[in-house]
Visitor: 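Sharing a structure, written as structure tokens. Questions coming.
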Amino acid sequence: MRVAVAVGPGGGGLLCPLGDDGMPTGPAEEVADLAKAIAARERAQAPRWIWAATTRLYPPLLAAGVRVARCHDLELVESLLLAYQGRYGEPRSVRAALARLTGSPVPADPVAVPADAQPTLFDDLSDVPADPADTPPPGGAEPGGRGDAVRGRVGAGGGGPAGGLGAAEELAAVLAVYREQARRMAATEHADRLPLLAAAESAGGLVAAEMRHGGLPWRAEVHDALISDLLGPRPGPGMRPRKLQVLADRISAEFGRPVNPDSPAQLTKAFAAAGFSVPSTRAHVLREVDHPAVPALLEYKELVRLWTAHGWSWLDAWAERDGRFRPEYVVGGVVSGRWASNGGGALQIPKVLRRAVVADPGWKLVVADAAQLEPRVLAALAGDRAFASAAAHGDLYAALAHVFEQAGGPRAPAPHGTQDGGSRGGRDKAKIALLSAMYGGGTGDAVQLLGVLRQRFPQAYGYVEAAARDGEAGRLVRSRLGRTCPPPSPGWRDLVSGERGAAAMRSRGRFTRNFVVQATAAEWALALLATIRTHLADPAAVVFFQHDEVIVHTPAAAAEEVAGTIRAAAEEAGRLLFGRTQVVFPMEIAIVDCYADAK
DNA sequence: AACGGCAGCGCC
DNA sequence: AAAGGGCGCTGCCGTT
């Protein structure tokens, strides 16, 4: 069962049931309260909702207390299909897709509206004024500030009517573009896979909106205590926290002159004056420099990072009064299909701050992490029997180390008594070899290990090698379900034939080599997330997702059950992508009160 | 004063 | 121990 949706003015809209062929089975129904109508149909039929963009449609539904199980997000799918066709970065809105279909001028995508300007009602495109002067920017933004974003959104309309689409036009566009997308998916050599990817991506859009709506539990007072302890009390405006000032003074004293530790240029000069020529002032470089300012400098770097990225201004901006952190997630924001985030650095929460992520009283956090996801994905992708059987159990790296040691013969005997079948050092080497194969590295020890990898696991090795060769030749590569890497940049072919062409060629090879694994891992994670979401019993909710890790916030009594749901979802994700495979995707799961207590 | 590139470092 | 892939965010610094 499928129902197409279009948004009208004043919270109303149009609903149109579709048959299996994607054609309407009857006339569209005009409804005065779209949220209410969708809620009723969701209860009765739980259809797949066909709509223009989850980012526009779903937040107001959530605000009205309405959740849906499934959708087809035309905008996200348009991106996937354009990429599949090698047409990266073209406008992906429904209006643009329709314009391509009808041969009319293609409007540029609207500039993203600021994250804090979320609509409280349905904003259909016809509500966007033709003249920005009609609408004062939210929050009374100063000229040249947020107002420009609003202007850009309207002005980007191109050939369409100035005010965008009315409900009837939007519905017509949704129907036409949906049918066209189905046709394009069916026409690919991955006709059975792209629809899976489309469904997973669309489900991702739903979870992303729900995660933003629900928020990650965040205890501002814990965060504050933590940074106050490390940095000293909150300083006045324009002042450094006390501990940073102490360190800065000590650094200057050790150099014998004032040095701004925030300035790489000043630091380089100061080191030069002291007789140390440093190529950069990165921490790992400075660690090797024998100068008395170094220890204070390293400590300063660590703390200043915490202060600037996650200090009190972060708390002011992001820790909401109801004890939640609500970042904006951007589904498919990374070309590999990983998510990006907008504001708050949601996908870069430092480990020390995980202390501030605490379950509500009577609730638990179920923190689940896919163990060694990318190498397992490679094993399943390549269909390498030997590699897959190494990945058929718990510790993949240990299993590989075992194989390596056998390959090495008497020269590298394994110490006895280790329970995982290989020495610690062997395991680390296996890990390095594998990461080198997937990332395109291969210096030092890794060269030799890569040779072993190639002999013992020719298909797995060959799989990433082939992806690298494709990239070096300027060709496209795809994930398991058909997500496609960008073509080389316009100047790339000239660059490659030029003087320093080899470097550019290898660089693209490393990118495509990694792409096939990273993008397939990302879609495995998407399938995991979607499956978890559909099997989660009501008050429990996914509150965080980061590449290969998911956190569910649940009433304590249901925590064990949630853990089971997650394990089952991991198996299901493997089946969805790879069918029958002996590769397993084990999850490391911790049931905790505080994120910092996981693993 | 505003903008963009870069350095540096946090996460996977 | 670092390197190899992907990001976001901040402050510095040169340019406009």
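The chains referred to below are lettered A, B, ... by the order of the sequence lines, with proteins before strands, and numbering in each begins at 1. These figures come from a predicted structure and were not determined experimentally.
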Visitor: To the nearest angstrom, how far is Y329(A) atom OH from dC11(B) atom P?
Guide: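 Spelled out: OH on Y329(A) to P on dC11(B) is 16 Å.
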Visitor: Which residue is it: E201(A), R483(A), R92(A)? I am looking for the one with a side chain to side chain donor-acceptor pair (under 3.5 Å) to S79(A).
Guide: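 Testing each of E201(A), R483(A), R92(A) against S79(A), the sole residue satisfying side chain to side chain donor-acceptor pair (under 3.5 Å) is R92(A).
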Visitor: Is Y439(A) stacked on the base of dG4(C), with ring centres under 5.5 Å apart and planes under 30° apart?
Guide: no
Visitor: Please report the distance, rounded to the nearest Å, between CE in M438(A) and P in dC12(B).
Guide: 16 Å
Visitor: So does R250(A) pair up with E254(A), basic N to acidic O under 4.0 Å?
Guide: no
Visitor: Rounded to the nearest angstrom, tell me the gap between atom CD in Q546(A) and atom P in dG8(C).
Guide: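 Atom-to-atom, Q546(A) to dG8(C), this comes out as 13 Å.
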Visitor: With heavy atoms under 4.0 Å as the rule, sort L306(A) into base, sugar-phosphate or nothing.
Guide: nothing
Visitor: Under 4.0 Å: is that the gap between some side-chain N or O of S341(A) and OP1 or OP2 of dC7(C)?
Guide: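 Answer is no, no contact under 4.0 Å.
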Visitor: Nearest heavy atom decides the nucleotide; on that basis, is A340(A) or S507(A) closer to the 5' end of DNA chain C?
Guide: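 This one resolves to S507(A).
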Visitor: Which part of the nucleic acid does A283(A) contact within heavy-atom distance under 4.0 Å: base, sugar-phosphate only, or nothing?
Guide: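 Counting heavy atoms under 4.0 Å across all strands, the contact made by A283(A) is with sugar-phosphate only.
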Visitor: Please give, in whole Å, the distance from dG5(C) P to D548(A) CG?
Guide: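 Checked: the CG to P distance equals 19 Å.
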Visitor: Within a 6.0 Å radius of atom NZ on K431(A), are there more than 12 heavy atoms belonging to other residues, nucleotides or ligands?
Guide: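 Check fails, neighbour count at 12 or below.
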Visitor: Could you tell me the separation between the CD atom of Q518(A) and the P atom of dG6(C), rounded to a whole number of Å?
Guide: 8 Å
Visitor: What nitrogen or oxygen pairs link the protein and nucleotides 10-16 of chain C at under 3.5 Å?
Guide:
residue, atom, partner, partner atom, Å
dC13(C), OP1, S263(A), OG, 2.3

Visitor: Is any side-chain heavy atom of L267(A) closer than 4.5 Å to a side-chain heavy atom of V278(A)?
Guide: no
Visitor: Output the residues of residues 228-235 of chain A in contact with DNA chain C, where contact means a heavy atom of the residue under 4.0 Å from an atom of the strand; sort by number or write none.
Guide: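 The answer is none.
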Visitor: Is E523(A) close to L197(A) at the side-chain level, that is, under 4.5 Å between some pair of heavy atoms?
Guide: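 Answer yes - side chains close enough.
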Visitor: Once you round it to whole Å, what is the distance between P of dG8(B) and CG of L303(A)?
Guide: 18 Å
Visitor: Take atom CD of E374(A) and atom P of dC7(C), then tell me their distance rounded to the nearest Å.
Guide: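 In whole Å, dC7(C) P and E374(A) CD are 13 Å from each other.
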Visitor: Ring centroids only, cut at 6.0 angstrom: are F325(A) and W314(A) within range, meaning strictly under it?
Guide: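 Ring centres of W314(A) and F325(A) closer than 6.0 Å.
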Visitor: Within a strict 4.5 Å, meaning less than it, do heavy atoms of the P241(A) and W312(A) side chains meet?
Guide: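 They are in side-chain contact.
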Visitor: Nearest heavy atom decides the nucleotide; on that basis, is H547(A) or H284(A) closer to the 5' end of DNA chain C?
Guide: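 It is H284(A) whose nearest nucleotide is closer to the 5' end.
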Visitor: Identify whether NZ of Lys or CZ of Arg in R478(A) sits under 6.0 Å from the centre of the six-membered ring of Y84(A) and within 45° of that ring's axis.
Guide: yes
Visitor: Does the separation of the ring centres of F255(A) and F271(A) fall below 6.0 angstrom?
Guide: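 Ring-ring flag for F255(A)/F271(A): true, centres closer than 6.0 Å.
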Visitor: Taking only the side-chain heavy atoms of K351(A) (C-beta and beyond), determine which of dC12(B), dG5(C), dC9(B) contains the nearest atom.
Guide: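 Among dC12(B), dG5(C), dC9(B), the one nearest the side chain of K351(A) is dC12(B).
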Visitor: Just to be sure I understand the rule, does G344(A) reach a base, reach only the sugar-phosphate, or reach nothing, if contact means heavy atoms closer than 4.0 Å?
Guide: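 G344(A): backbone/sugar contact only, no base atoms under 4.0 Å.
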Visitor: For the pair made of CZ in R354(A) and C1' in dC12(B), what is the distance, rounded to whole Å?
Guide: 10 Å
Visitor: dC12(B) base to R338(A) side chain: any donor-acceptor pair below 3.5 Å?
Guide: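 Yes.
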Visitor: Taking the basic N atoms (NZ, or NE/NH1/NH2) and the acidic carboxylate oxygens, is any pair closer than 4.0 Å for E302(A) and K351(A)?
Guide: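 No, no charged N to carboxylate O under 4.0 Å.
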